[in-house]
2 protein chains.
Amino acid sequence: MSRQNSVPPPTAGLSSDLLLGPVSGTNTFEETVQRLLQTVRLGLIAPGERLPAERDLAAQLGVSRDTLREAIGSLAGAGYLISRRGRYGGTFVSDVLPSPPVVAAETPAGAPHPSITAEEIDDVLTLRDILEVGAARTAAGRVLSPPERELLWSSLVAAADAGADEYRRVDSRLHLYIGELAGSPSLVPLLADVRMRLNELLDAIPLLMPNIAHSNKQHEQIVIAILTGRPAAAAEAMREHLGGTALLLRGFLE
Amino acid sequence: MSRQNSVPPPTAGLSSDLLLGPVSGTNTFEETVQRLLQTVRLGLIAPGERLPAERDLAAQLGVSRDTLREAIGSLAGAGYLISRRGRYGGTFVSDVLPSPPVVAAETPAGAPHPSITAEEIDDVLTLRDILEVGAARTAAGRVLSPPERELLWSSLVAAADAGADEYRRVDSRLHLYIGELAGSPSLVPLLADVRMRLNELLDAIPLLMPNIAHSNKQHEQIVIAILTGRPAAAAEAMREHLGGTALLLRGFLE
DNA sequence: GTGAATGGTGCGGTGTATATACCTTTGAAG
DNA sequence: CTTCAAAGGTATATACACCGCACCATTCAC
């Protein structure tokens with residue numbers, strides 16, 4: 001043990017045992033599960049809709065059908081997916097999604113929160129701020145094709161029209177699509193990841209209608225700023241929007 | 001079953017077969033190699049310095065010693081690491097790092113670029129802009145401890161004093177440390193990844209002294225803005241700084 | 001009833017990762 | 001000069017994740 005013994009080396013002491021972190025240990029299986037979960041939880045495929053056939057999906061994901069099936073099975077067991085066989089069968093997203101395992105916001109006996117620490121909250125909110133504000137700014141700085149513009153607008157409308165039950169999902173989609181408009185393919189999975197983490201936190205607090213209304217108004221400002229090509233305005237609007245959620249979360253959880 | 005299928009589903013056609021992308025297929029072994037490579041290429045451990053003992057490092061990384069050794073062996077073969085046995089031995093970073101396999105910037109026969117496409121360049125630069133500008137802004141918005149402030153400043157000085165041979169490495173460290181000051185642990189690996197991708201591109205173009213001098217000046221502006229707590233100024237300075245590199249890259253490679 | 005598309009099942013092969021134990025080298029301390 | 005501790009080097013056995021393939025069972029349009 002004890003590392004930097006002889007010389008306190010000139011470069012040591014900076015950060016960053018980037019080393020330190022445990023290597024992901026990402027099973028192909030677990031990663032596949034996460035992918036599917038994202039697809040469902042972020043609303044990329046709506047409740048009741050069908051996934052591609054197992055053989056096709058496995059090919060798309062670059063995974064053996066066996067592994068994919070294990071993943072599907074595990075998610076089916078959790079109530080997210082339903083498989084039907086036979087012609088015109090397939091694997092479908094549950095019509096009614098299971099409410100995810102809510103991490104208790106209150107500690108029953110004073111025990112430390114199982115997985116919802118203050119550091120996690122800060123981490124997620126900070127990262128989200130960086131990613132989403134940057135995405136909005138970048139998207140606003142690009143010239144968008146007519147179909148892109150229409151799709152953005154319809155995503156906005158969908159969010160505005162959504163009921164409380166589907167709001168989380170539709171909202172996620174809108175934010176994700178803004179990220180996609182930024183034009184960096186690598187950005188989208190990062191946004192998806194941080195959004196998944198955020199949703200996990202949001203699941204622990206109530207969803208209030210006034211907040212939704214407020215969010216919708218902000219969404220509109222963001223989208224309009226993007227459509228009219230004003231990066232600074234888009235960034236500012238997004239920052240405000242995220243700030244609201246951040247306040248809400250910190251208020252309830254910290 | 002299935003509710004809204006009558007209509008060509010409202011949610012389809014959006015982006016994002018987030019599904020589509022192939023699952024990473026990340027070997028523990030390859031991931032370990034990447035980690036070590038980052039540690040060396042980004043200057044987290046300087047040439048000549050020692051890595052933790054195999055057994056310790058394996059534990060830190062959450063990897064079996066066997067796998068770690070394979071990774072070390074492969075990097076030793078490539079000239080990045082050197083292992084010495086016996087008491088006070090260990091694994092060390094090569095005193096002189098191998099110049100990485102330069103992806104030819106010119107196509108010899110008109111064949112398509114092996115791995116350096118215009119899309120990759122855009123992707124990296126866009127993502128970098130989002131991450132680093134956001135990091136600078138966030139870092140400037142935090143109250144920094146005295147040691148943090150000193151370390152930031154000394155990183156700046158190190159970059160200013162660096163010779164052309166070590167510039168890439170020291171520059172990476174500075175940028176990475178700014179990211180660390182943003183206070184989001186999850187952000188750091190993302191910055192490291194995008195920086196690795198960027199360095200791969202930079203390796204394909206010459207390093208000019210005037211550019212270095214200019215960069216140093218910009219670094220100073222960024223750091224000062226962070227130290228004086230001016231988020232907008234920090235973001236703007238960082239954006240300018242990155243813009244320079246972006247122009248350079250696009251000029252040489254696109 | 002027939003055919004086609006789909007999920008369900010079984011099996012064997014291969015490579016990767018782990019765990020454990022032991023050997024070898026080196027240099028400082030006694 | 002001997003000893004010892006700390007490091008890398010080696011060997012072997014085990015578990016299982018992932019894959020590819022072939023085949024079965026179910027369902028619905030026609």
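A, B, ... follow the sequence lines: proteins, then strands. Residue 1 opens every chain.
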Distance-only polar pair, side chains of A:Gln38 and A:Asp193, donor-acceptor under 3.5 Å: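 There is such a pair between these side chains.
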Nearest to the side chain of [X] - [options]?
{"X": "A:Glu54", "options": "C:dG8, D:dC19, D:dG8", "answer": "C:dG8"}
{"X": "A:Asp66", "options": "C:dC11, D:dG8, C:dT6", "answer": "C:dC11"}
{"X": "B:Arg50", "options": "D:dG9, C:dG7, D:dA7", "answer": "D:dA7"}

Interatomic distance where CG belongs to A:Asn27 and P belongs to D:dA15 [whole Å]: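 Rounded to the whole Å, the gap is 18 Å.
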Distance, rounded to the nearest Å, where A:Leu68 contributes CG and D:dC18 contributes P: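 The distance from CG of A:Leu68 to P of D:dC18 comes to 12 Å, rounded to the nearest Å.
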Output a table of nitrogen or oxygen pairs between the protein and nucleotides 26-30 of chain D separated by less than 3.5 Å.
{"from": "D:dT26", "atom 1": "O4'", "to": "A:Arg85", "atom 2": "NE", "distance (Å)": "3.4"}
{"from": "D:dT26", "atom 1": "O4'", "to": "A:Arg85", "atom 2": "NH2", "distance (Å)": "3.1"}
{"from": "D:dT26", "atom 1": "O2", "to": "A:Gly86", "atom 2": "N", "distance (Å)": "3.2"}
{"from": "D:dT27", "atom 1": "O2", "to": "A:Arg87", "atom 2": "N", "distance (Å)": "2.6"}

Shortest non-hydrogen contact between A:Ser94 and A:Gly79, atoms and distance: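 Shortest heavy-atom contact: OG-O, 2.8 Å.
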Close residues, residues 90-97 of chain B, relative to DNA chain D [heavy-atom separation under 4.0 Å]: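 Of all residues in residues 90-97 of chain B, the ones placing a heavy atom under 4.0 Å from DNA chain D are B:Gly90, B:Thr91.
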Inter-residue atom distance B:Leu190.CG - A:Ser186.OG, 0.5 Å rounding: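 With rounding to 0.5 Å, CG (B:Leu190) is 10.5 Å from OG (A:Ser186).
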Terminal helix-axis angle for the helix from C:dG1-D:dC30 to C:dG30-D:dC1, with five pairs defining each axis and rounding to 10 degrees: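 Taking five pairs per end, the axes differ by 10°.
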N/O donor-acceptor pair under 3.5 Å between A:Arg173 side chain and A:Gly43 backbone: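 Flag set: sc A:Arg173 to bb A:Gly43 pair under 3.5 Å.
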Sugar-phosphate only, base, or nothing, as touched by B:Arg55 at under 4.0 Å among non-hydrogen atoms: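 Answer is base: heavy atoms of B:Arg55 come under 4.0 Å of a base.
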